[in-house]
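Heavy-atom basis, side chains included; hydrogens, waters and symmetry copies ignored. Predicted, not measured: the structure shown is a model, and the values here were computed from it.
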Amino acid sequence: MSLDRPRQLELFSRMLRIRKFEEALIAHHPVGHLSIGQEAAIAGACIALRDDDYVTGTHRSHGHPIGKGADIAPLMAEIFGKKTGICKGLGGSMHLTDTTKGLIGESAIVGGGLPLATGAALSAQTRGTDQVSLCFFGDGAANQGTFGESLNMASIWKLPVIFFCENNGYAVTTSVAKSHGQPDIARRGDGYAIPGVIVDGQDAEAVYEATREAVERARSGGGPTLIEAKTYRFGEHAHSLAIPISYRSDEEINHYKTERDPVTLYRAVLAARGLGADVEAIEADVDRIMDEAVQFARESPEPELQDMLDCMFSNPINYPPRFEGLTEDA
Amino acid sequence: MSLDRPRQLELFSRMLRIRKFEEALIAHHPVGHLSIGQEAAIAGACIALRDDDYVTGTHRSHGHPIGKGADIAPLMAEIFGKKTGICKGLGGSMHLTDTTKGLIGESAIVGGGLPLATGAALSAQTRGTDQVSLCFFGDGAANQGTFGESLNMASIWKLPVIFFCENNGYAVTTSVAKSHGQPDIARRGDGYAIPGVIVDGQDAEAVYEATREAVERARSGGGPTLIEAKTYRFGEHAHSLAIPISYRSDEEINHYKTERDPVTLYRAVLAARGLGADVEAIEADVDRIMDEAVQFARESPEPELQDMLDCMFSNPINYPPRFEGLTEDA
Amino acid sequence: MRNSTRKMTYLQAINEAQREEMHRDERVMMIGEDIAVYGAQALFEEFDEKRLRNAPISEGSFTGVAIGAALTGLRPIVDLTNASFIYLASDQIINQAAKLRFMTGGQLKVPVVIRACSYYGNGTAAQHADRPWPFFMNVPGLKVVAPATATDAKGLLKSAIRDDDPVLMFEEINLWGKREEVPVDEDFLIPIGKADIKREGSDVTIVTIAGCLHASLAAAEALAKDGVEAEVVDLRTLVPFDREAVLTSVAKTGRLVIVDNSHKVGSVASEIAAVVAEEGFDSLRKPIQRVATPSVQIPYNRTLEKQLYPTKERIADAVRAIL
Amino acid sequence: MRNSTRKMTYLQAINEAQREEMHRDERVMMIGEDIAVYGAQALFEEFDEKRLRNAPISEGSFTGVAIGAALTGLRPIVDLTNASFIYLASDQIINQAAKLRFMTGGQLKVPVVIRACSYYGNGTAAQHADRPWPFFMNVPGLKVVAPATATDAKGLLKSAIRDDDPVLMFEEINLWGKREEVPVDEDFLIPIGKADIKREGSDVTIVTIAGCLHASLAAAEALAKDGVEAEVVDLRTLVPFDREAVLTSVAKTGRLVIVDNSHKVGSVASEIAAVVAEEGFDSLRKPIQRVATPSVQIPYNRTLEKQLYPTKERIADAVRAIL
Ligand SMILES: Cc1ncc(C[n+]2csc(CCOP(=O)(O)OP(=O)(O)O)c2C)c(N)n1
Ligand SMILES: Cc1ncc(C[n+]2csc(CCOP(=O)(O)OP(=O)(O)O)c2C)c(N)n1
Ligand SMILES: [Mg+2]
Ligand SMILES: [Mg+2]
């Protein structure tokens, strides 16, 4: 079934929250790997999931919790490095993880999340729940050994996992054309008997549709799916990262910004469906959320050494060790 | 072009040497992972190579140097752990490596040889030689992350490498059916735009043909090929390894031993071509070689501690360190 | 029941621990290659195959799969079989298992146990003969145990399975066959982080790591004949190790010999020596001695291999050198 | 020419070393991800792309590719960029690079250099902030260098490239920008295995590892104001480390402080402490002190991160504690 109107608006709202969250960062705390340009791929996939479905993500981590519906303020505070951050200021921009929304870690080790998502699916299957697991990974991550290893295990055990590739065409300065034997990552699924689907990552509802199908297959015991969303990052690999070489053309960048902006495109779709007023209400609402989040983050306290120590072990044993000199420093 | 008669006889001779080498081991020094049953796949691939082409192998290492034409006695002495062994008795059964025949290491770390072979191909390409590199690996190794990583690099750089899978259906007790998303490893090539070829691994000349084509492609700059030879190991995973479970049927084993023995099959082919007399001469010759090799290995001295230390570094620096206590022990 | 015991081997004790914990807690499961071949075959009759995952040869990712399962409600035991394969899993162990709880501000737990066994004397050669316990010592967030007896193996493995943090357990193949009376009580546990004085003595402290306990006890008996009473401290847990037990013993004896099967440079023995040189310096009467494996790879030839590891003789000599 | 120098940063010195060696020996090549981004872009104008391989994100295998190339006539330099990624390559480094010569009875050479850089103070957080030099200490067959100055970086990297064995070179991001006069002589080399006395003194020995040199020299200056003369021994090579230099200095001063940015437990500092506790015990007048990073993961929050690493103050305090 296709998205009903409230869900369409929620999808747009999540996309817009990703966009505005990162615009707020650029304005107030410019750091990190931004997802601007990839909002439809992220939110379109997440909207097909339940709150209790699992998600793993990447260093480009801001969009995933927002797409999954996490509260904004603790995410903002995290990037500001504050104690009120979702990870107490210990994880930061590459690790925005809200477990209450099913996120189980954003891996800044490229490719590191693939086995974790596969393991979450194995866990759901073993515990006999009908949860599914969705793994966000980049085109570059598809060249990490964990990719083939994880797809193969998901296939032999028919695990309820969706491998969702945000193919934005580049890994830092390295294009897919120069780093992949052939450009379609979805085509790698066949070697493991996993259906591979290519979808327009700038079309929010197309992404939703592809993901919904994969989720249904997973929940009903049909096993994994590999989805490749062709998308694009509008900004540099990481905000304010100096890149000494030119690796993509201004034409290309401008084309995406002007013709293929997922937020603009979906806004137009909804407006054409007569939802313009709701969209404007959402826009006002999202602006307010971001302002409040920035203020919350600004005013929050920094974490202390003890917070760090408290997060090291679930069952501390002789920890923290006095001899480490840490407590003297503290 | 197909094999001329002298090469046909050489191919048979190499297959028989592998078989008799391991029968001699069973009789006189029963250790290791035997290649009996896989001789056509190994020798058929190697006969398509030049002496200066590179080969990497696996823990099931006996067949590869023999297939590449290495002298038998130093290989036998190695397995006996002697100083006259090809690796001075330091490497042993899983590492039979004769660099004079282009072998650059047999990896007992499953999947470990895939990047090494890819690197040898990169080296040949960078140095501007027309050497090629052939990587023997098992069906189980295809599930190691290095498989996809190596195929991908070989593809993007069009490296002169042949990925040659000895698919004997099992990894210890784990069948391909239970450990691979789908049973044809060759089908994984397409994801990297690498041609994937399946060949009957019990048919020596079919294996030669497939490999010859791949070698021509590689030498002429056409890039890598993935060859999957369907074969079978007649013995247990490792000689005298106790396996508490049954994982393959006696029918299956007997079928291969009686109907699909590559040595018997190729012997019949050659006999039918009127080469029976040459074949018998080879058989006598090979028996003599093995007897001499066993005697040589038996009578050879054991390596000493100093031999070990001498093989640690090419440019030793403060080595061996006195404090290690080793020289006291020596 | 409480205090009754049964004679079993180290490997049987490990499998008993796994069996008991799988019965006790349905979240406990196993993953590894050909696990049936490595002693777990009996479990297949008692438990759903879903809890016994025969993995493809993908150490990096099946370890990651176990970590992902641990994050989401299971308590997996990973059997890496040969310890020389652990490097393939080291990224998942170090960058994920050890860091995920910290990086998420304590939102996640990582109750995973990772078993790995070191091989000796079988001519398996350099790629199958590592003793990599020092490798993980430097990583905050991991616990590392290395039991030397069947009883300690059972008790420590059960503690590891019940622990909510990642625990690595290192075994040695020549320990698997050692038999002794082992408590059958299903709640018998050996605490992580506690050393065990396996022999009391006042003249010298011998700290032993993993399987070196047995050669160390033999050396102590030999020394006793010469009237030298060695105290043998079995570390059992390598990280965090029981510094109090070591320092207390050294305070009593003033002499320290540390025995470790791994290579000497950068070993667990080095860490213990460093801690004592910092914290126990004033009670040290003689130089510390490390008895370990020299910096050379493990050869196929068994005659050569035998000479590399600590022996009763080398341990006794090290003690005599500081009397 | 012979003795002339040019002012350059540590990173420029590294790139000069790579440039010079690539000119000198056509077998030298580089492989890594986005290598142009990490300072090597100039090389693309001078050398064939075949010798500058921009690799896919496959650390395990492109390191293995470099090893395979080293076995067959090339002399690759692997740039792993961030040192926290090295675990992915550890199997190829430990099981292949370090063992292949030995396992083949000396038939093979493995002239490969592997560079990795540790990151600080940029909020990169736990998965990008490791200092993993202790990991490879325990592996026979590897050489490990960690230069602290531009001159040492150039000289050691050139020695590493010319060495026929695998060499790991650890860098630190906050060293990359340090400028000094560096010899331009293309045959200027710093020998692997030799420490450098960066400051003479008779009261205490400060052994410094990698970038800790600079805080150690600052601490020595501060101590000098109180009339305490510290000898600062810059280890430069971690494996095999210059035991003679360390023991000789400790014989003179009787006091030892070891400074290391990596986590304290199982650190290179621990190994040095162990060796001195064994070999230099009789010259030690006071307990050894290790100044290192405590056993906690590296947090994103920079205020917290700053407090974890050795500082001039912590080093000076450690010295004062044993005067
Ligand atoms: C294992 C590993 N290698 C390298 C890096 C450095 N790095 C960070 S992001 C990145 C590019 C990733 O590309 P892709 O997977 O396409 O994700 P994108 O950045 O395009 O979202 C690289 C190489 C890393 N973080 N982890
Ligand atoms: C990395 C690694 N994991 C596990 C093992 C243990 N092991 C040795 S051989 C083998 C099976 C390999 O199967 P395959 O690749 O099909 O080769 P075959 O034995 O069938 O020739 C395994 C799991 C190993 N040597 N290396
Ligand atoms: Mg990308
Ligand atoms: Mg097989």
Problem - Contact winner vs chain C - D/P132, D/G280, D/A274, D/S267, heavy-atom pairs under 4.5 Å - result: D/A274
Practice task
Could you walk me through whether C/H263 and D/V139 pass the side chain to side chain contact (heavy atoms under 4.5 Å, CB included) test, one step at a time?
Solution key: CA-CA 7 Å; C/H263 294 295; D/V139 181; over 6 Å; no
Practice task
Check the pair C/Q297 / D/L100 against side chain to side chain contact (heavy atoms under 4.5 Å, CB included), numbers first and verdict last.
Solution key: CA-CA 10 Å; C/Q297 291 293 351; D/L100 266 165; over 6 Å; no
Problem - Contact origin within C/I298 toward chain D - heavy atom pairs under 4.5 Å - result: backbone
Handout entry: Which atoms of C/F281 approach chain D - backbone, side chain, both or neither, heavy atom under 4.5 Å
Key = side chain
Handout entry: Atom group of C/A89 that falls short of 4.5 Å from chain D, counting heavy atoms
Key = neither
Handout entry: Contacting moiety of C/R285, where chain D heavy atoms sit under 4.5 Å
Key = backbone
Fill in the blank from the handout: Most contact-rich option vs chain D, by heavy-atom pairs under 4.5 angstrom, among C/I86, C/D91, C/V268, C/N138, is C/N138
Handout entry: Partner chain D: residue of C/A273, C/G141, C/G266, C/S84 with the largest heavy-atom pair count (under 4.5 Å)
Key = C/G266
Exercise for the section: Carefully, step by step, assess C/I94 and D/D130 under the rule side chain to side chain contact (heavy atoms under 4.5 Å, CB included). Expected result: CA-CA 10 Å; C/I94 294 168; D/D130 284 2; 4.0 Å; yes
Practice task
Measure C/F102 against the heavy atoms of chain D and call it side chain, backbone, both or neither at under 4.5 Å.
Solution key: side chain
Handout entry: Between CZ on residue C/F136 and CZ on residue D/F135, distance to nearest 0.5 Å
Key = 7.0 Å
Handout entry: D/K264 vs C/E278, side chain to side chain contact (heavy atoms under 4.5 Å, CB included): CA-CA, chis, key distance, verdict
Key = CA-CA 12 Å; D/K264 188 176 195 173; C/E278 275 181 341; 3.6 Å; yes
Practice task
Please flag which part of D/P299 lies under 4.5 Å from any non-hydrogen atom of chain C: side chain, backbone, both or neither.
Solution key: both
Handout entry: Lys/Arg-Asp/Glu bridge criterion (N-O < 4.0 Å) met for C/D282, D/K286
Key = no
Problem - Structural part of C/A277 lying under 4.5 Å from a heavy atom of chain D - result: both
Problem - Side-chain donor-acceptor pair present, D/S90, C/S90, cut-off under 3.5 Å - result: yes
Exercise for the section: For each of C/E59, C/Q127, C/M137, C/M103, tally heavy-atom pairs with chain D at distances under 4.5 Å, and name the one with the top tally. Expected result: C/Q127
